[in-house]
Amino acid sequence: MSLFGRFLISMLVSAWPAAHAADGQAVFTQGGQDPAAMACLGCHGPDGKGVAAAGFPRLAGLPAGYLNKQLHDFRDGNRKHAIMEPLAKALSDAEIEAVSAMLANMPADPAPALRRQQMSTGPSEKMALYGDWSRQIPGCVQCHGLGGGGVGEHFPPLAGQPASYLAAQLNAWRDGSRGNDPDQMMAGVAKAMTDAEVTSLARYFATLASPEVKP
(Lines give C-alpha, C1' and ligand atoms only; values in the text may rest on other atoms or scores of the structure.)
Protein backbone atom coordinates (compact mmCIF):
# COMPACT_ATOMS: atom_id res chain seq x y z
CA MET A 1 0.00 0.00 0.00
CA SER A 2 1.23 3.46 -0.86
CA LEU A 3 2.20 6.00 1.74
CA PHE A 4 -0.79 8.13 0.71
CA GLY A 5 -3.13 5.15 1.14
CA ARG A 6 -1.86 4.45 4.63
CA PHE A 7 -2.22 8.15 5.50
CA LEU A 8 -5.81 8.21 4.21
CA ILE A 9 -6.79 5.14 6.25
CA SER A 10 -5.18 6.64 9.33
CA MET A 11 -7.14 9.86 8.88
CA LEU A 12 -10.42 7.99 8.42
CA VAL A 13 -9.85 5.85 11.53
CA SER A 14 -8.95 8.87 13.66
CA ALA A 15 -12.02 10.75 12.44
CA TRP A 16 -14.42 7.84 13.10
CA PRO A 17 -15.17 8.54 16.79
CA ALA A 18 -15.86 12.23 16.14
CA ALA A 19 -18.00 11.49 13.11
CA HIS A 20 -20.07 8.91 14.97
CA ALA A 21 -20.13 10.49 18.41
CA ALA A 22 -23.62 10.81 19.84
CA ASP A 23 -25.07 14.31 19.80
CA GLY A 24 -26.85 15.05 23.09
CA GLN A 25 -28.67 18.05 21.66
CA ALA A 26 -29.97 15.95 18.76
CA VAL A 27 -31.18 13.22 21.13
CA PHE A 28 -32.96 15.84 23.22
CA THR A 29 -34.63 17.65 20.31
CA GLN A 30 -35.01 14.89 17.69
CA GLY A 31 -34.59 11.54 19.45
CA GLY A 32 -32.05 8.76 19.07
CA GLN A 33 -30.99 6.79 16.03
CA ASP A 34 -33.61 4.17 16.87
CA PRO A 35 -37.09 5.62 16.11
CA ALA A 36 -38.35 4.27 19.44
CA ALA A 37 -36.03 6.72 21.25
CA MET A 38 -38.33 9.72 21.17
CA ALA A 39 -37.10 13.28 21.67
CA CYS A 40 -36.87 14.26 25.35
CA LEU A 41 -38.40 17.69 24.79
CA GLY A 42 -41.71 16.14 23.82
CA CYS A 43 -42.44 15.41 27.48
CA HIS A 44 -39.88 17.43 29.41
CA GLY A 45 -40.27 20.70 27.51
CA PRO A 46 -37.97 22.55 25.11
CA ASP A 47 -36.06 24.03 28.05
CA GLY A 48 -35.86 20.71 29.93
CA LYS A 49 -37.71 22.22 32.88
CA GLY A 50 -40.54 19.72 32.79
CA VAL A 51 -44.29 20.04 32.42
CA ALA A 52 -45.83 20.30 35.88
CA ALA A 53 -49.41 19.88 34.70
CA ALA A 54 -48.56 16.49 33.20
CA GLY A 55 -46.23 15.43 36.02
CA PHE A 56 -43.13 15.37 33.79
CA PRO A 57 -40.08 16.30 35.89
CA ARG A 58 -37.37 18.86 35.29
CA LEU A 59 -34.21 17.39 33.80
CA ALA A 60 -32.28 20.60 33.14
CA GLY A 61 -29.41 21.08 35.54
CA LEU A 62 -29.64 17.64 37.16
CA PRO A 63 -26.26 15.88 37.63
CA ALA A 64 -25.14 13.97 34.55
CA GLY A 65 -24.28 10.91 36.65
CA TYR A 66 -27.79 10.80 38.09
CA LEU A 67 -29.45 11.15 34.68
CA ASN A 68 -27.15 8.54 33.18
CA LYS A 69 -27.95 6.07 35.96
CA GLN A 70 -31.71 6.60 35.69
CA LEU A 71 -31.69 5.95 31.93
CA HIS A 72 -29.66 2.78 32.43
CA ASP A 73 -32.00 1.72 35.24
CA PHE A 74 -35.04 2.25 33.00
CA ARG A 75 -33.28 0.23 30.32
CA ASP A 76 -32.36 -2.58 32.72
CA GLY A 77 -35.78 -2.71 34.38
CA ASN A 78 -34.59 -1.49 37.79
CA ARG A 79 -36.91 1.47 37.45
CA LYS A 80 -40.37 1.05 35.93
CA HIS A 81 -42.21 3.47 33.67
CA ALA A 82 -44.41 2.68 30.70
CA ILE A 83 -42.92 5.44 28.53
CA MET A 84 -39.35 5.63 29.77
CA GLU A 85 -38.51 1.92 29.70
CA PRO A 86 -38.89 1.37 25.94
CA LEU A 87 -37.39 4.79 25.22
CA ALA A 88 -34.27 4.06 27.27
CA LYS A 89 -33.90 0.61 25.74
CA ALA A 90 -33.78 2.26 22.32
CA LEU A 91 -30.89 4.54 23.31
CA SER A 92 -27.27 3.49 22.91
CA ASP A 93 -24.75 3.91 25.73
CA ALA A 94 -23.20 6.80 23.81
CA GLU A 95 -26.57 8.51 23.38
CA ILE A 96 -27.36 8.14 27.08
CA GLU A 97 -24.01 9.63 28.05
CA ALA A 98 -24.34 12.48 25.55
CA VAL A 99 -27.89 13.54 26.43
CA SER A 100 -27.14 13.26 30.18
CA ALA A 101 -24.16 15.59 29.84
CA MET A 102 -26.15 18.01 27.71
CA LEU A 103 -29.06 18.15 30.16
CA ALA A 104 -26.73 18.65 33.11
CA ASN A 105 -25.40 21.79 31.42
CA MET A 106 -28.83 23.24 30.69
CA PRO A 107 -29.79 26.14 32.97
CA ALA A 108 -32.37 25.61 35.68
CA ASP A 109 -34.55 28.33 37.14
CA PRO A 110 -32.79 30.88 39.35
CA ALA A 111 -33.37 30.11 42.99
CA PRO A 112 -34.38 32.16 46.02
CA ALA A 113 -32.01 32.03 48.96
CA LEU A 114 -32.75 29.92 52.03
CA ARG A 115 -30.74 30.13 55.21
CA ARG A 116 -29.22 27.15 56.94
CA GLN A 117 -31.20 27.83 60.12
CA GLN A 118 -34.88 27.33 59.40
CA MET A 119 -37.78 26.62 61.74
CA SER A 120 -40.67 24.49 60.58
CA THR A 121 -44.02 26.22 60.29
CA GLY A 122 -46.23 23.15 59.78
CA PRO A 123 -46.26 19.34 59.73
CA SER A 124 -45.13 19.04 56.10
CA GLU A 125 -42.17 21.33 56.61
CA LYS A 126 -41.34 19.60 59.88
CA MET A 127 -41.22 16.24 58.11
CA ALA A 128 -39.15 17.71 55.27
CA LEU A 129 -36.62 19.27 57.63
CA TYR A 130 -36.47 16.84 60.54
CA GLY A 131 -38.34 13.67 59.61
CA ASP A 132 -39.77 11.37 62.25
CA TRP A 133 -37.07 9.27 63.83
CA SER A 134 -39.60 7.31 65.87
CA ARG A 135 -40.44 5.66 62.52
CA GLN A 136 -36.89 5.77 61.12
CA ILE A 137 -37.77 8.58 58.70
CA PRO A 138 -34.94 11.11 58.31
CA GLY A 139 -35.65 14.64 57.20
CA CYS A 140 -35.70 14.81 53.41
CA VAL A 141 -33.17 17.65 53.37
CA GLN A 142 -30.67 15.56 55.33
CA CYS A 143 -29.99 13.61 52.14
CA HIS A 144 -31.35 15.88 49.40
CA GLY A 145 -29.69 19.04 50.65
CA LEU A 146 -30.85 22.35 52.04
CA GLY A 147 -34.24 23.24 50.66
CA GLY A 148 -34.30 19.98 48.72
CA GLY A 149 -31.82 21.38 46.21
CA GLY A 150 -30.07 18.05 45.59
CA VAL A 151 -26.69 16.59 46.59
CA GLY A 152 -24.39 14.86 44.13
CA GLU A 153 -25.37 12.02 41.85
CA HIS A 154 -27.47 9.94 44.25
CA PHE A 155 -29.76 12.53 45.85
CA PRO A 156 -31.53 14.55 43.13
CA PRO A 157 -33.29 17.89 43.61
CA LEU A 158 -36.81 17.69 45.01
CA ALA A 159 -37.49 21.42 45.07
CA GLY A 160 -39.60 22.63 42.19
CA GLN A 161 -40.38 19.21 40.76
CA PRO A 162 -44.10 18.56 40.04
CA ALA A 163 -46.04 17.32 43.07
CA SER A 164 -47.58 14.50 41.05
CA TYR A 165 -44.12 13.32 39.98
CA LEU A 166 -42.72 13.39 43.51
CA ALA A 167 -45.75 11.54 44.90
CA ALA A 168 -45.50 8.97 42.11
CA GLN A 169 -41.85 8.28 42.97
CA LEU A 170 -42.59 7.87 46.68
CA ASN A 171 -45.41 5.48 45.84
CA ALA A 172 -43.13 3.59 43.46
CA TRP A 173 -40.65 3.09 46.30
CA ARG A 174 -43.55 1.89 48.45
CA ASP A 175 -44.93 -0.66 45.99
CA GLY A 176 -41.53 -1.90 44.80
CA SER A 177 -41.79 -0.70 41.19
CA ARG A 178 -38.76 1.46 41.84
CA GLY A 179 -35.78 -0.02 43.63
CA ASN A 180 -32.68 1.72 42.32
CA ASP A 181 -31.73 3.71 45.40
CA PRO A 182 -28.46 3.30 47.34
CA ASP A 183 -28.83 0.57 49.97
CA GLN A 184 -32.64 0.53 49.52
CA MET A 185 -32.86 3.61 51.70
CA MET A 186 -35.84 5.21 49.98
CA ALA A 187 -37.89 2.03 49.98
CA GLY A 188 -37.77 1.88 53.77
CA VAL A 189 -38.44 5.59 54.21
CA ALA A 190 -41.37 5.68 51.79
CA LYS A 191 -43.02 2.59 53.24
CA ALA A 192 -42.97 4.19 56.69
CA MET A 193 -44.94 7.20 55.41
CA THR A 194 -48.70 7.51 55.33
CA ASP A 195 -50.63 8.37 52.17
CA ALA A 196 -51.30 11.83 53.56
CA GLU A 197 -47.61 12.42 54.27
CA VAL A 198 -46.64 11.39 50.73
CA THR A 199 -49.14 13.87 49.30
CA SER A 200 -48.21 16.72 51.63
CA LEU A 201 -44.46 16.33 51.20
CA ALA A 202 -44.80 16.23 47.43
CA ARG A 203 -46.84 19.43 47.50
CA TYR A 204 -44.37 21.08 49.88
CA PHE A 205 -41.32 20.51 47.69
CA ALA A 206 -43.22 21.37 44.52
CA THR A 207 -43.66 24.91 45.84
CA LEU A 208 -39.93 25.40 46.42
CA ALA A 209 -37.16 26.34 44.00
CA SER A 210 -33.67 24.90 44.34
CA PRO A 211 -32.01 27.14 46.91
CA GLU A 212 -28.85 29.18 47.01
CA VAL A 213 -27.44 28.37 50.44
CA LYS A 214 -26.56 31.25 52.75
CA PRO A 215 -24.52 30.84 55.92
- Shared hydrophobic cluster for L67 and M38 (ILVMFWY, side-chain gaps under 4.5 Å): yes
Where the side chain of H154 meets the backbone of D181, is there a donor-acceptor pair that is under 3.5 Å apart?
no
Verdict with supporting geometry, H72 and R75, side-chain contact (heavy atoms from CB on, under 4.5 Å):
CA-CA 5 Å; H72 277 96; R75 194 169 70 176; 3.2 Å; yes
Value for CD (Q70) from CG (L59), rounded to nearest 0.5 Å, stands at 10.5 Å
Rounded to the nearest 0.5 Å, the OG atom of S100 sits from the CG atom of N105 at a distance of 11.0 Å
Q. Are any side-chain N or O atoms of R79 and backbone N or O atoms of K69, one a donor and one an acceptor, separated by less than 3.5 Å?
A. no
When every non-hydrogen atom of G55 is compared with those of Y165, the smallest separation belongs to O-CB, 3.4 Å
Next on the checklist: With clusters defined by side-chain heavy atoms of hydrophobic residues (ILVMFWY) lying less than 4.5 Å apart, directly or transitively, does F56 cluster with F74?
Outcome noted: no
Between the side chain of E97 and the main-chain N/O of D93, is any donor-acceptor distance below 3.5 Å? no
Note: E95 and L91 closest approach over all heavy atoms is OE1-CA, 3.4 Å
Exercise for the section: Examine distances only and state if a side-chain atom of D76 and a backbone atom of N78 form a donor-acceptor pair shorter than 3.5 Å. Expected result: no
When rounded to the nearest 0.5 Å, the distance separating CG of D23 from CD of Q33 is 10.0 Å
Checklist entry - Between the side chain of T199 and the main-chain N/O of A196, is any donor-acceptor distance below 3.5 Å? => result no
Donor-acceptor pair, distance only, cut-off 3.5 Å: does the side chain of E153 make one with the backbone of A64?
no
* Report yes or no: do V51 and F28 belong to one cluster of Ile/Leu/Val/Met/Phe/Trp/Tyr joined by side chain heavy-atom distances under 4.5 Å? => no
Given the rule in the side-chain contact (heavy atoms from CB on, under 4.5 Å) test, do C143 and M185 qualify, once you have shown the distances and angles that lead to the verdict?
-> CA-CA 10 Å; C143 291; M185 180 185 300; 3.8 Å; yes
Without swapping roles, check the side chain of Q30 against the backbone of A39 for a donor-acceptor pair under 3.5 Å. no
Any donor-acceptor pair under 3.5 Å from N171 side chain to A167 backbone: yes
Practice problem: Take K89 and D34, measure what side-chain contact (heavy atoms from CB on, under 4.5 Å) needs, and give me the verdict at the end. | Solution: CA-CA 10 Å; K89 288 176 182 177; D34 187 322; over 6 Å; no
CG of L170 to CE of M186, rounded to nearest 0.5 Å, is 5.0 Å
Sequence neighbours excluded, the answer for ring pair (Phe, Tyr, Trp, His ring centres under 6.0 Å) partners of Y66 is none
Check: Considering residues, nucleotides and ligands other than R135, do more than 12 of their heavy atoms fall under 6.0 Å from its CZ?
Finding: yes
P63 and G152 have their tightest heavy-atom pair at CG-O, 3.2 Å
### Task
Measure the shortest side-chain to side-chain distance between L146 and V141 over non-hydrogen atoms and say whether it is less than 4.5 angstrom.
no
In terms of heavy-atom contacts, G147 and A159 come closest through O-CB, 3.3 Å
Looking only at heavy atoms, the pair that brings Q161 and P157 closest together is CG-O, 3.8 Å
Between H44 and L103, does a side-chain contact (heavy atoms from CB on, under 4.5 Å) hold up when you go through it step by step? CA-CA 11 Å; H44 297 279; L103 285 165; over 6 Å; no
SG of C140 to CG of L201, rounded to nearest 0.5 Å, is 4.5 Å
dist M127:CE -> Y204:OH (nearest 0.5 Å) comes out at 12.5 Å
All heavy atoms of A52 vs all of P162, minimum pair found to be CA-CG, 3.7 Å
Does M102 reach the side chain of T29, with side-chain heavy atoms less than 4.5 Å apart? no
